[in-house]
**Q** 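I'd like to ask you about the structure that follows.
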Amino acid sequence: MKRALELARKAEGETSPNPMVGCVILDAEGRVAGEGWHHKAGQPHAEIMAMEDMKRRNMKGHTAYVSLEPCSHYGRTGPCCDALIRAGFKRVVAAMVDPNPKVAGRGLRRMRDAGIEIRVGVCEQEARRLNEKFLLWVTQGRPFVSLKFAETLDGKLATRTRDSHCVTGGEAHRFSHWLRKTHDAILVGIGTVLDDDPALTTRLVKGKDPVRVVLDSQARIPLTAQVLQDGGRTILAAGPGAPSGKLDVIRQMPSVEVVPLPCAETGHLDLTALLAELNARDITSVLVEGGSEVLGAFLDAGLADRVYAFIAPKLAGGARALPAVGGEGAALMDDCALLEETECKALGSDWLLTGRVCFPGRQ
Ligand code: AOF
Ligand code: ZN
């Protein structure tokens with residue numbers, strides 16, 4: 001199963017809106033007879049790839065290890081559970097049940113009814129971690145939200161003069177481009193666009209560029225901004241107060257979409273409505289890159305599933321220096337959002353701390 005998970009990860013950042021899935025087939029003697037993984041939505045599933053790897057040799061008496069329950073539905077491809085039954089498999093081991101309501105245990109049941117020996121729950125924790133974005137999206141109907149920031153050790157995004165250049169070094173920078181590739185969308189506030197005019201691409205690593213989302217309630221974005229001009233896909237989320245003439249001009253730009261949003265009680269754009277709009281476009285995950293106010297707004301709204309904090313071993317100091325996460329914030333320590341299952345990794349002289357966000361009083 002560990003090998004199946006390793007195979008699944010080969011397509012990291014390329015399978016959305018589908019999960020990453022890997023499959024290893026063992027013969028009756030326990031030797032590896034075939035391997036495969038799901039490469040891309042619309043292409044064959046992992047089980048089919050592994051069977052093809054065996055060049056259709058006899059599979060009677062074989063065991064398939066799959067990192068997700070084999071599917072039972074007709075989607076972009078046919079049901080894998082039926083393919084495994086037809087091939088004569090003796091045993092199927094799955095890391096976890098597929099919570100997609102179109103599958104949800106039916107694949108396993110159909111194979112069991114056909115006489116295949118079934119085991120579920122092998123390396124389940126690793127499988128859940130691998131597909132955490134897909135699992136949240138398919139069960140909650142909203143994209144998985146990752147908050148990302150690069151801060152000094154004392155939690156500043158910028159110095160007192162608002163200098164935020166090169167907080168962390170090159171390795172952290174490269175890793176953050178990799179992170180972009182593993183999300184369907186990258187989101188920033190208009191302040192970041194006005195300050196830095198970022199391209200928000202994955203140019204330091206190979207792979208697709210995610211959709212850019214800019215929160216711009218008043219449509220203050222310059223028409224010359226890179227995210228509007230470079231031909232990549234951009235969603236501009238604007239509020240009720242945005243000038244309609246300017247929005248019409250932006251709507252005419254190739255690959256740019258204007259999404260009008262209501263305001264929440266806070267006066268900020270309604271982030272729940274935004275996530276519903278992204279969900280409707282099959283965006284399963286969004287990397288929120290800042291600035292401080294935008295990160296704070298997501299945290300205040302309780303819309304955060306994972307944090308990636310890049311921490312530079314330097315001290316900016318200064319009461320007026322910008323904190324990494326702004327917004328209203330917690331009143332008491334007991335109200336703080338907690339990170340669970342934390343992992344820490346050295347990136348050059350910087351540190352990456354990541355964990356799942358857990359809000360107090362919430363499951
Ligand atoms: C598997 N093996 O390799 C994958 C599975 O549109 P489709 O036909 O590609 O179906 C997508 C759904 O199938 C996806 O939402 C998930 O529930 C399951 N993905 N299942 O047995 C695979 N990629
Ligand atoms: Zn399938």
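All values below come from the heavy atoms of this structure, side chains included, with hydrogens, waters and symmetry mates left out. Numbering of ligands and ligand atoms starts at 1, following listing order.
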**Q** Using a strict 4.0 Å threshold on nitrogen-to-oxygen distance, state whether R174 and E171 make a salt bridge.
**A** no
**Q** Mind listing the protein N/O/S atoms less than 2.8 Å away from the Zn ion (ligand 2)? Waters don't count.
**A** H45 ND1, C71 SG, C80 SG
**Q** Side chains of H39 and T15: do they bring a donor and an acceptor to under 3.5 Å?
**A** no
**Q** Hey, does W37 sit under 4.0 Å from ligand 1 if you only count heavy atoms?
**A** no
**Q** Where's the contact between Y74 and ligand 1, heavy-atom distance under 4.0 Å: side chain, backbone, both or neither?
**A**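 Neither part.
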**Q** With a 4.0 Å cut-off on heavy atoms, does M49 reach ligand 1?
**A** no
**Q** Name all residues meeting the ring pair (Phe, Tyr, Trp, His ring centres under 6.0 Å) criterion together with H62; count only those two or more places apart in sequence or in a different chain, and write none if there are none.
**A**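 Listed in chain order: nothing, the list is empty.
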**Q** Answer yes if the side chains of D184 and T284 hold a donor-acceptor pair under 3.5 Å, and no otherwise.
**A** yes
**Q** Taking 4.0 Å as the limit for heavy-atom contacts, which would you say applies to T77 with ligand 1: side chain only, backbone only, both, or neither?
**A** both
**Q** For ligand 1, is there an atom lying under 4.0 Å from some heavy atom of Q43?
**A** no
**Q** Would you kindly specify which portion of E69 sits under 4.0 Å from ligand 1, judged on non-hydrogen atoms: side chain, backbone, both or neither?
**A** backbone
**Q** Examine distances only and state if a side-chain atom of N279 and a backbone atom of P143 form a donor-acceptor pair shorter than 3.5 Å.
**A**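 Looks like no, no N/O pair under 3.5 Å.
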**Q** Between R110 and D113, is the closest basic N to carboxylate O distance under 4.0 Å?
**A**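 Between R110 and D113 there is no salt bridge, as every charged N stays at least 4.0 Å from the carboxylate O atoms.
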**Q** Keeping the roles fixed (side chain from H38, backbone from P44), state whether a donor-acceptor pair exists under 3.5 Å.
**A**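 Such a contact is found between H38 side chain and P44 backbone.
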**Q** Contact between ligand 1 and A41 is defined here as a heavy atom of the residue under 4.0 Å from a ligand atom; is it met?
**A** no
**Q** Looking only at distances, please establish whether an N/O atom of ligand 1 is found under 3.5 Å from an N/O atom of V21.
**A** no
**Q** Identify the residue among E343, E341, E340 that makes a salt bridge (charged side-chain N to carboxylate O under 4.0 Å, His left out) with R129.
**A** E343
**Q** Got F144 and R306 here, is their nearest side-chain heavy-atom distance under 4.5 Å?
**A**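 SC-SC contact between F144 and R306 confirmed.
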